Protein chains: 2
Amino acid sequence: MSLPERTVERLSEYRRSLLQCLEEGKTHIFSHELAELHHNTAVQVRRDIMFIGYTSMQRKGYDVRELIDVIGDILDSEKGLNVAVVGIGNLGRAVTTYFVGKRSKLNIIATFDVETTKIDRVISGVKCYPLSRLKEVVASHQISIAIVTVPADSAAEVSSQLVEAGIKGVLNFTTVPLDVTKDVYLDEYDMITSLEKVAYFVKTSRS
Amino acid sequence: MSLPERTVERLSEYRRSLLQCLEEGKTHIFSHELAELHHNTAVQVRRDIMFIGYTSMQRKGYDVRELIDVIGDILDSEKGLNVAVVGIGNLGRAVTTYFVGKRSKLNIIATFDVETTKIDRVISGVKCYPLSRLKEVVASHQISIAIVTVPADSAAEVSSQLVEAGIKGVLNFTTVPLDVTKDVYLDEYDMITSLEKVAYFVKTSRS
DNA sequence: AAAATATTGTTAATTTAATCACAGTTTCAG
DNA sequence: CTGAAACTGTGATTAAATTAACAATATTTT
């Protein structure tokens with residue numbers, strides 16, 4: 001019933017490029033063009049698009065606007081989802097600024113921190129609440145997704161508070177793997193892993 | 001000859017946890033313990049470790065320190081690699097701060113930006129150079145990896161300058177896919193894709 | 001010291017993902 | 001109006017990654 005993770009990722013990536021195309025006034029795009037942009041193959045693109053049941057006008061490529069809409073039907077929730085950023089250090093601030101306004105169906109509507117100096121501060125139009133009010137604010141604002149950017153040593157604690165508060169999806173930018181109940185979707189990203197991967201392939205390509 | 005990407009990623013993740021174990025004074029760890037930490041299976045862990053040719057003392061679990069060393073032999077370059085962060089906006093600053101000192105074999109030794117107000121500023125001990133001096137500084141400091149955190153509209157240009165300067169690995173945090181020659185290893189990470197993936201699975205788990 | 005238990009290492013089976021190969025369309029050139 | 005060219009959509013195939021299954025080994029229990 002639900003698409004493979006890799007396909008979901010690629011669809012999101014395609015949309016990003018398609019939105020770019022739209023801005024540039026490009027109305028149609030071929031599978032091999034999308035493929036080249038995303039370092040994969042035309043067949044892969046066509047297969048992904050087949051997956052979501054869209055079919056182009058033959059020989060003219062895909063209609064950019066239509067494809068954006070179809071991907072939207074798959075990826076987006078109709079009413080949008082509300083998102084909170086937990087932990088307003090350097091990374092938390094950067095992430096908040098970065099996300100605000102990027103996608104109309106994903107609204108960053110609160111940030112949280114423990115430090116009293118940060119409470120009530122507004123970052124890119126988003127207000128910072130004390131972590132102690134997490135459950136209450138999550139409920140009143142119907143927040144379903146949390147981006148976690150707290151320091152490593154408070155990550156586990158924060159994670160269980162999020163579950164407790166009824167969060168349904170977590171994006172973890174912390175250096176420690178989190179542990180959530182299995183009704184909560186968890187995605188973990190660690191920059192160090194990415195960088196070490198790059199380093200590994202740089203290393204092996206030379207020897 | 002070179003390991004699958006996913007395996008490299010997991011090894012990096014395991015090491016992260018192993019370092020944590022070391023700090024906590026834990027000297028041995030079972031495959032199922034590592035598996036649980038990383039949301040995968042004991043078989044998977046054993047297979048990954050088999051891949052790198054390490055074998056534990058039977059029945060006592062893996063020796064934490066030894067395993068860290070073996071993973072290091074695989075992932076790290078003997079003399080370490082030098083890394084630059086290009087683009088010192090919010091994200092660039094956060095990333096720089098985040099990385100400095102995290103891994104002894106990956107040294108962040110320069111940052112670059114175009115804005116004159118940022119030149120010569122020092123972030124977490126790392127100096128900011130004008131982008132115009134890229135090639136020169138990359139050569140003189142033997143920088144082989146670049147982390148790209150510039151705005152979307154200058155990404156393509158920066159990317160070709162990096163290739164030109166002789167960079168061998170790129171980690172792209174920009175919202176546009178880059179295009180590099182194929183002797184350069186490229187890893188792209190877009191937070192929006194991660195967040196959209198979380199949103200998608202939150203959405204589908206409810207319906 | 002035999003039996004039961006816990007754990008690794010690895011071969012084989014299975015599942016999942018990616019690629020090939022090609023038929024079916026549309027367009028274009030002559 | 002015919003044939004070549006340019007694409008897409010998809011069944012078949014191949015390759016890659018994961019999981020299952022179990023023998024081998026060390027430890028503990030009785």
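The basis for the numbers below is simple: all heavy atoms, side chains too, and nothing from hydrogens, waters or symmetry mates. To find a chain, count down the sequence lines: A is the first, B the second, and so on, and within it residues start at 1. Being a predicted model, the structure only gives us computed values, none of them experimental.
Among the nucleotides C:dT8, D:dG9, D:dC7, the one closest to any side-chain atom of A:Met50 is D:dG9. With C:dT5, D:dT10, D:dT18 as the choices, the nucleotide that has an atom nearest any side-chain atom of B:Arg10 turns out to be D:dT18. Here the nucleotide nearest the side chain of B:Gln44, chosen from C:dT10, D:dG9, D:dT19, is D:dT19. In the set C:dG9, D:dG9, C:dT8, C:dT8 carries the atom at the smallest distance from any side-chain atom of B:Ser31.
If you measure from atom NE2 of A:His32 to atom P of D:dG9, you get 14 Å, rounded to the nearest angstrom. Residue A:Glu33 contributes atom CD, which lies 14 Å from atom C1' of D:dT8 at whole-angstrom precision. Rounded to whole Å, the distance from CG on A:Asn40 to P on C:dA17 is 15 Å. Atoms CD (B:Glu5) and P (C:dA17) sit 16 Å apart, rounded to a whole Å. The CD1-P distance, from B:Ile29 to C:dA6, rounds to 19 Å in whole Å. Residue A:Arg46 contributes atom CZ, which lies 14 Å from atom P of D:dG11 at whole-angstrom precision.
Taking the nucleotide of DNA chain C with the nearest heavy atom to each of A:Val43 and A:Lys60, the more 5' of the two is matched to A:Val43.
Shortest non-hydrogen contact noted between B:Leu34 and B:Asn40 is O-ND2, 4.4 Å.
A cation-pi arrangement is present between B:Lys102 and B:Tyr98, with the terminal nitrogen or guanidinium carbon under 6.0 Å from the aromatic centre and inside a 45° cone about the axis.
Residue contacts shown for A:Arg6 are absent, as no nucleic acid heavy atom lies under 4.0 Å away.
In this model, the phosphate group of C:dT16 is not approached by any side-chain N or O of A:Arg47 to a distance below 4.0 Å at OP1 or OP2.
B:Thr193 and A:Ser12 share a donor-acceptor pair across their side chains, judged by distance under 3.5 Å alone. Between the side chains of A:Ser77 and B:Tyr200, not a single donor N or O lies within less than 3.5 Å of an accepting N or O.
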